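One structure below.
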Amino acid sequence: VAGAGYDIRHDRRAGRVVLMAEQGRRDTGRVGGRIRRYARVTGTMTGLAARMAGERYLGIEIDRSKHAADLREALGGLKGPIMKVAQILSTIPDALPPEYADELASLQADAPAMGWLFTRRRMAAELGPDWQQKLTSFTREAVSAASLGQVHRAEDLDGNILAMKLQYPDMASAIDADLRQLRLVFQLYERYDSAISTGDIYSELSERLREELDYRREAANLALYHHMLRDESCVELPVYRPDLSSDRLLTMSWLDGTRVMPFLETNPSQDVRNEIARNMFRVWYVPFYFYGVIHGDPHLGNYSLTDDNRINLMDFGSIRLFRPSFVGGVIDLYRALRDNDEALAVHAYESWGFHGLDREAIEVLNMWAEFIYAPLLEDRVRPIQSLRNGSAGRELAGKVHGELKRIGGIRPPREFVLMDRAAVGLGSVFMHLGAEVNWHTLFHDLIDDFDRDMLATRQREAAAIAGIPADLVHAEDAAT
């Protein structure tokens, strides 16, 4: 968006009449576009229902790869939460058939941004009609546009560079409509395949998506991360600007940095790649093992790298607080696998929220757990991709899926949605980096002094400092 800077003080080009006319066209187009959008998606889903019924009851084999591509085409290039949900689902093992996961993974987070006149009206709605007088400059075009909002670069009257995230209009109603479509997807999938019960996954996605619309909550999440990472020199966090924010506009200080993929094109040394991997590990897992908090969206657009290899963390919408017993279960399962302790493994799964697991179910879950935990179990430097290359992961996932289906399926706890999303996303970044790190040592640096009661205390204190509602923390802590 080079050259898109805009001097607000000299704008005299668009009057109220033009703005109202533009809004009328936008509103009409938005309603019509949403009708067409859901017609496409619903038509695709109706076709899927018919094809699955034919395969299940008439023995007619469907081409799931072709239909998955049709579904991606119906969803792709659109703003809205259903695109975000599709991307999340594509990272959760067995949440969807592999053909659908592969297609949905290709959906791009960027979507066409709002036009300038409409953006200007939205800014007036959030900051008042005099919003232009509060800034020296504001980019006409968004520097990034995603599923729920877009980001503009601005400068305040004191010369501070800002990132202003503006939410698209009517997102609450869009989420409600999209979640209805998602429920249909899950219902159809469970009729076709009984290996995974998706009820809790749906509940978790619904709650997390609605939270992401609350930019005041995201500001509190940012304050929470400032507290949790206050002693970590490997990360830079933006500063919240409440004077230029609202429920649907989040303004923070601008962080300069380089995205991971362009950075890798510079052919950095192995030592630099390893340093970045270690920094990312701590940025993501210090909050989890010390406070029971996870950043559930390690999407490449949510952070960048400084010149000295620190992590700029820039998005705080997808944050979850976990029960201390859940975090303890993650550590207990590691120790159970290390020591071949079946009783401890059962306790770990129960701590996570699994119920009624028999010996066969435990054995199947351990197959997947041993794969996920493998980089942590050996005390040596190793590249993570030696264990998580695509073919090995797909082969094991297929085997686990078949076994789960054979034993009647399982119901994953809802906490797994963001936990898996974070683990899969970070694993992908580590593979891109080609990192060769002693993951065992990094992990033990965080867990050796673990104490559930201390974590619960730290979580409550941190939430109070950040302004996270106490009843939310208590509800999370008491959940089963």
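What you are looking at is a predicted structure, and each value in this text was computed from that prediction instead of being measured.
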Using side-chain heavy atoms (C-beta onward) and a distance below 4.5 Å, is [X] in contact with [Y]?
| X | Y | value |
| --- | --- | --- |
| Val272 | Phe263 | yes |
| His295 | Ile319 | yes |
| Pro238 | Leu222 | yes |
| Ile276 | Arg273 | no |

Please test Met314 against Val151 for side-chain contact (heavy atoms from CB on, under 4.5 Å), starting from the C-alpha separation and ending with a verdict.
CA-CA 11 Å; Met314 298 177 292; Val151 177; over 6 Å; no
Determine whether Trp352 and Glu415 satisfy the following criterion, side-chain contact (heavy atoms from CB on, under 4.5 Å), listing intermediate values before the conclusion.
CA-CA 8 Å; Trp352 288 354; Glu415 291 95 332; over 6 Å; no
With sequence neighbours left out, what residues match [X] under side-chain contact (heavy atoms from CB on, under 4.5 Å)?
| X | result |
| --- | --- |
| Ile161 | Arg153, Glu155, Trp254 |
| Asp315 | Lys165, Glu218, Asn302 |
| Ala219 | Tyr240, Leu250 |

Any donor-acceptor N/O pair, [X] side chain to [Y] backbone, under 3.5 Å:
| X | Y | value |
| --- | --- | --- |
| Thr136 | Asp156 | yes |
| Thr251 | Arg241 | no |
| Gln459 | Tyr291 | yes |
| His152 | Met164 | no |
| Tyr334 | Phe443 | no |
| Arg320 | Ile294 | no |
| His440 | Leu376 | yes |
| Thr266 | Pro262 | no |
| Glu436 | Gln270 | no |
| Asp130 | Gln133 | no |

Stepwise side-chain hydrogen bond (donor to acceptor under 3.5 Å, both in side chains) test for Thr306 and Asp308
CA-CA 5 Å; Thr306 68; Asp308 56 355; 2.4 Å; yes
Give the minimum heavy-atom separation between [X] and [Y], together with the two atoms involved.
| X | Y | result |
| --- | --- | --- |
| Ser318 | Leu418 | OG-CD2, 3.6 Å |
| Leu455 | Phe290 | CG-O, 3.8 Å |
| Leu426 | Pro298 | N-CG, 3.8 Å |
| Tyr373 | Val330 | OH-O, 2.7 Å |
| Val143 | Thr139 | CG1-OG1, 4.5 Å |
| Pro413 | Phe354 | CD-CZ, 3.5 Å |

What is the distance from atom OG of Ser351 to atom CD1 of Ile331, rounded to the nearest 0.5 Å?
11.0 Å
Looking at residues at least two apart in the chain, or sitting in another chain, which of them share a side-chain hydrogen bond (donor to acceptor under 3.5 Å, both in side chains) with Asn312?
Ser304
Using the side-chain hydrogen bond (donor to acceptor under 3.5 Å, both in side chains) criterion, which residues pair with Asp200? Sequence neighbours excluded.
Arg411
Over 12 non-hydrogen atoms of neighbours within 6.0 angstrom of CG in Asp243:
yes
Pairing of Asp332 and Arg452 as salt bridge, 4.0 angstrom limit
yes
Arg208 with Glu212: basic N within carboxylate O range, under 4.0 Å
no
Taking only residues at least two apart or on different chains, which pairs with a member in residues 224-235 satisfy salt bridge (charged side-chain N to carboxylate O under 4.0 Å, His left out)?
Glu232-Arg282
So, for Phe288 and Phe322, is the gap between ring centers shorter than 6.0 Å?
yes
Show your working on side-chain contact (heavy atoms from CB on, under 4.5 Å) between Val283 and Cys234 and close with a plain yes or no.
CA-CA 8 Å; Val283 169; Cys234 62; 4.0 Å; yes
Between Arg217 and Asn221, do the side chains contain a donor N or O and an acceptor N or O under 3.5 Å apart?
yes
Are Leu249 and Trp131 close enough, and set up right, to give a side-chain contact (heavy atoms from CB on, under 4.5 Å), and what steps lead you there?
CA-CA 12 Å; Leu249 173 68; Trp131 73 273; over 6 Å; no
